[in-house]
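Report on the following structure.
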Protein chains: 2
Amino acid sequence: MAVSEAEAIVMEVLWHAAPRSAEEILAEVGPAQGWREGTVKSLLNRLLKKKAVKAEKEGRRYLYTPLLSRDKYVSQESKGLLDRLFDGRVAPLVAHFSEQRKLSKKDIAELKKLLKELDDEQP
Amino acid sequence: MAVSEAEAIVMEVLWHAAPRSAEEILAEVGPAQGWREGTVKSLLNRLLKKKAVKAEKEGRRYLYTPLLSRDKYVSQESKGLLDRLFDGRVAPLVAHFSEQRKLSKKDIAELKKLLKELDDEQP
DNA sequence: AATTTATGTTTACATGCGTAAACTATAGAA
DNA sequence: TTCTATAGTTTACGCATGTAAACATAAATT
């Protein structure tokens, strides 16, 4: 089952640093998201059920660690979008952003560099 | 309110050719999706409520036409993903696909062409 | 005119999600 | 030892979604 958007926000905290306690996670996302204790606890439980995180007892509480890697999550999400909207191909996606003028100078520079590196790999 | 995934499949039919009747839409997506009549009708009604399509009476039935453009929809979806996962920037997204070896030869060629065109626009 | 057929409209129902309150258990504090 | 603070577990509730069935209505057919 898929990790939902709210759950992904909790995952981001754990991807950034793990293991963390529920309390630490709350401290990190609660204020920004306007979430209470119960909300974070529910999300953690759903993530446990989905096997996206694991919990290890540490004293009276649990410390949570990701089982699903950010890379894997990002891959799934990106591939989903690509397949649904761009027939699974990357160039049309970039072309879309280009048409929308959403490519920054920095993006363009980085893309050039990336392509050059690909050339160097496979001459 | 957002157009859901199932709704987007109906939209794709209309983006491809509109106006279309419910019957035509069913004929086009029903078999592939395993959807019955009622399902397509429900989706069309939700799309109407969301103002993503409009309906014009034609004889005893309605013909549906998109109000939301595919371009706008694609933009929203893409921007959402980009913001959530790549800090709003395109280059890291492409880098991700590159790392996952998801860039085809064709993608690479097209990206090069695209970047060259951008150069030519703004010399 | 009565019945069947084609369409659209209303209602349904399980599941997931966002958001939590209520409940429970347990380790410290008094 | 009893009370309290803390952390996890259970239950809740409204809304969206996927997936229709049931119902209403009007046109076409018998």
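These numbers come from a predicted model, not from an experiment. Within every chain, numbering begins at 1; the chains are lettered A, B, ... in the order of the sequence lines, protein sequences first and strands thereafter.
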### Task
Please state how far atom NZ in Lys57(A) lies from atom C1' in dG8(D), giving the value in whole angstrom units.
8 Å
### Summary
Rounded to whole Å, the NZ-C1' distance (Lys49(B) to dT11(C)) equals 11 Å
Check: protein-nucleotides 28-30 of chain D nitrogen or oxygen pairs below 3.5 Å:
none

### Task
Return the set of residues passing side-chain hydrogen bond (donor to acceptor under 3.5 Å, both in side chains) with Glu56(A) (not counting sequence neighbours), or none when no residue passes.
none
### Query
Which pairs count as ring-ring contact (aromatic ring centres under 6.0 Å, His included) when at least one residue sits in residues 47-85 of chain A, sequence neighbours excluded?
Trp15(A)-Tyr73(A)
### Query
Is there a side-chain polar atom (N or O) of Asn45(B) under 4.0 Å from OP1 or OP2 of dT9(C)?
yes
For a quick test of your reading: what N or O donor-acceptor pairs under 3.5 Å do the side chains of residues 40-49 of chain B make, sequence neighbours left out?
residue, atom, partner, partner atom, Å
Lys41(B), NZ, Glu37(B), OE2, 2.7
Ser42(B), OG, Gly38(B), O, 3.3
Asn45(B), ND2, Lys41(B), O, 3.3

### Message
Counting only heavy atoms and a strict 4.0 angstrom limit, can you tell me which residues of residues 78-88 of chain A come near DNA chain C?
### Response
none
### Task
Taking salt bridge (charged side-chain N to carboxylate O under 4.0 Å, His left out) as the test, write out the residues that go with Lys112(A), two or more places apart.
Asp119(B)
## Note on the structure
Sorted by chain and residue number, the salt bridge (charged side-chain N to carboxylate O under 4.0 Å, His left out) partners of Glu99(B) (sequence neighbours excluded) come out as none
### Task
Flag yes if more than 12 heavy atoms outside Lys50(A) fall under 6.0 Å of its NZ atom; otherwise flag no.
yes
### Query
To the nearest angstrom, how far is Leu44(B) atom CG from dT17(D) atom P?
15 Å
### Query
Going by heavy atoms closer than 4.0 Å, what residues in residues 13-41 of chain B are next to DNA chain C?
Ala22(B), Glu23(B), Glu37(B), Lys41(B)
### Query
How long is the span from the CG atom in Leu85(A) to the CD atom in Glu77(B), to the nearest 0.5 Å?
6.0 Å
### Summary
Between CZ of Arg61(A) and P of dG28(C) the distance, given in whole Å, is 12 Å
Using a cut-off of under 3.5 Å, enumerate the N/O to N/O pairs linking the protein to nucleotides 14-17 of chain C.
residue, atom, partner, partner atom, Å
dC17(C), OP2, Lys50(A), NZ, 3.0

### Message
Among residues at least two apart in sequence or on other chains, which ones pass side-chain hydrogen bond (donor to acceptor under 3.5 Å, both in side chains) with Arg20(B)?
### Response
Glu28(B)
### Rounded to 10 degrees, the angle between the two terminal axes of the helix from dA1(C)-dT30(D) to dA30(C)-dT1(D), each from five pairs
30°
### Query
Could you give the CG-to-P distance, from Leu43(B) to dA16(D), as a whole number of Å?
15 Å
### For Lys106(B), all residues meeting salt bridge (charged side-chain N to carboxylate O under 4.0 Å, His left out), sequence neighbours excluded
none
### Task
Test Arg70(B) against Glu12(B) for side chain to side chain contact (heavy atoms under 4.5 Å, CB included), laying out the working first.
CA-CA 8 Å; Arg70(B) 185 172 201 275; Glu12(B) 290 286 358; 3.1 Å; yes
### Query
Quick check: are there more than 12 heavy atoms from other residues, nucleotides or ligands sitting under 6.0 Å from CD of Gln76(B)?
yes
